[in-house]
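What you see is a predicted model; the values in this text were computed from it and never measured. Below, chains carry the letters A, B, ... as their sequence lines are ordered, and counting in each starts from 1.
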Amino acid sequence: MDALRHYFRLHRSNCIGALARIARQPFASALTILVIAIALALPAALRVAVSNADAMSESWQGAADFTVYLKLDVATEAARRTARAIESRDDVAAVTLIDRDAALAEFRAKSGFGEALDALDGNPLPHALVVRPKSGVAADVEALAAAIGKLPETDLVQVDTAWVARLRAMLALAGRLVDLATVLLGLAVAIVVGNTIRLEINSRSTEIEVTKLVGGTDGFIRRPFLYLGLWYGLAGALIAWTLVTGGLWVLGPPVRTLAALYGSTFALHGLSLPESGVLLAGGAILGWAGAGLAAARHLRAIEPQ
Amino acid sequence: MIRFENVFKRYPNGREALSGVSFNMERGDFVFLTGPSGAGKSTLLKLIALIERPTRGTVLVNNQNTGRMPRRKIPAFRQRLGVVFQDHKLLYDRSVFDNVALPLVIAGASRRETEKRVRAALDQVGLRGRETHAPITLSTGEQQRVGIARAVAPRPDVLIADEPTGNLDPELSIEIMELFTRFNEVGVTVLIATHDLDLIRHMQCRRLKLVAGQISGDVGRVKG
């Protein structure tokens, strides 16, 4: 019980002592912490960017619109009925009918093939319906398209989800790249902390030597350095969080304006609570680990002479 | 308490510091280790404090064979040992109190126990009331006494000192030696390396003389 209390008292005093040590050299500590902050802010910011892009691509309802071409012999009245029938489905948000006569007129005016069209007898264009599904999920869209394809009036359903799929694939790739960057920059954080701790160990070699001489165990000697690493990592993570959150705060209004111009209510979202927790804990753990590596490597070398 | 059996110590550079040293110290002995500089006095003390290990032979401290002790057991071993250095080896970024308290903190003494023992140790070396001072503001003699207080604060079984009066004038040196005598009177086994023969001339103690890595004299021996 006493040993346990002693253990916790040592931890507390090391924990506070390490903080005091950082405060005693504000400039050097600030530089280290800033480097760590940037190394942590980069993957955090990229992650937020990808997740926002994800959210944005989901919010693009238009991405899922598809076109239904009705059979040529379907009359205008029947086409309107079909449109209404489809629109009444639960999974459909809206249906727009493109009347074949209106389409022909538009085509004649815009395409420059007017004379070629005159050579044909009658209107070669069918009635068309532009269907906007409620869900943007590819599987839902395809299920809806298949259902409409079975209607007797339907000639052809043209779903162009390929580009959405491509965008999704690109975002998945970007996410994977961010994962890689996170690993590399996390390693960088551990190395930066490790190097700082190595210098700290060298500058405190007398203290380490004396402590070993009066019977200090490896754990006793290592602990202050581990806490130093922990604080460096945690402080870096806090600043990284502030950088990312501040950046989003600055970008928020122009993004909202831009989204409004496209008729969207899209707004940037920042780091969620769990993500913030991961960032802070990750920084602290990386700092601790970097310090642990440096301590394991360099403390042994300092022996009483 | 301390036993050397045919101990050799050769450093990696090939220099042989000890060549076949054997002696025995009982619990409560007070022994001076004399001899010219370079005779191997420091090496002998380093073998006791496990700063070095013997190349050959056996060093027993408190019935523990130091040559075979695994690295992880060294801290606990050193906690039972008080060591005083010629250059004090104080930590100058800490107060006198924190310096003396260091071995107690390591050993896990409670806060109250630590304060009590630090006060007692400083009292014994005549530095009562200097707890909050920085070591650098003290004289060399006072710093040496802080070093001694740190060595005796955890109440070690054995106290070893390497030229503890090396940098002190004769008057201060006598004071320091008297300090060691007092610790010995309460049962601590004391071994002091010194080249200052004038200083110990009047002290009734056993003297081990070391010359060129070998024991060349053992006088004033009281016990077998």
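- Using a 4.5 Å cut-off between heavy atoms, B:K46 touches chain A through its side chain atoms alone.
- Using a cutoff of 4.0 Å between basic side-chain nitrogens and carboxylate oxygens, B:R71 and A:E303 are scored as salt-bridged.
- To the nearest 0.5 angstrom, A:I221 atom CD1 is 7.0 Å from B:I106 atom CD1.
- Looking at A:T211, both its backbone and its side chain come within 4.5 Å of chain B, counting heavy atoms on both sides.
- With a 4.5 Å cut-off on non-hydrogen atoms, B:A109 touches chain A through its backbone but not through its side chain.
- Atom CH2 of A:W241 sits in a sparse spot, with 12 or fewer heavy atoms from other residues, nucleotides or ligands closer than 6.0 Å.
- Chain A forms more heavy-atom pairs under 4.5 Å with one residue of B:D93, B:V105, B:L81 than with any other, namely B:V105.
- Side-chain contact check for B:I51 versus A:L213: some heavy-atom pair is nearer than 4.5 Å.
- Summarising the local packing, CG of A:L273 is surrounded by 12 or fewer heavy atoms from other residues, nucleotides or ligands at distances under 6.0 Å.
- Remark: B:R72 does not engage A:D218 in a salt bridge, criterion side-chain N to carboxylate O under 4.0 Å.
- The distance from the CZ atom of A:R5 to the OG atom of B:S110 is 8.5 Å, given to the nearest 0.5 Å.
- Contact annotation for A:R24: neither backbone nor side-chain heavy atoms come within less than 4.5 Å of a heavy atom of chain B.
- Residues A:V214 and B:R150 come closest through the heavy atom pair CG1-NE, 4.0 Å.
- Shown here is B:R56, whose CZ atom has no more than 12 heavy atoms of other residues, nucleotides or ligands within 6.0 Å.
- Within a 6.0 Å sphere centred on CZ of A:R9, other residues, nucleotides and ligands contribute more than 12 heavy atoms.
- Remark: the backbone N or O of A:K212 is paired with a side-chain donor or acceptor of B:R78 at under 3.5 angstrom.
- Interface remark: B:F85 contributes side-chain atoms only to the contact with chain A (heavy atom separation under 4.5 Å).
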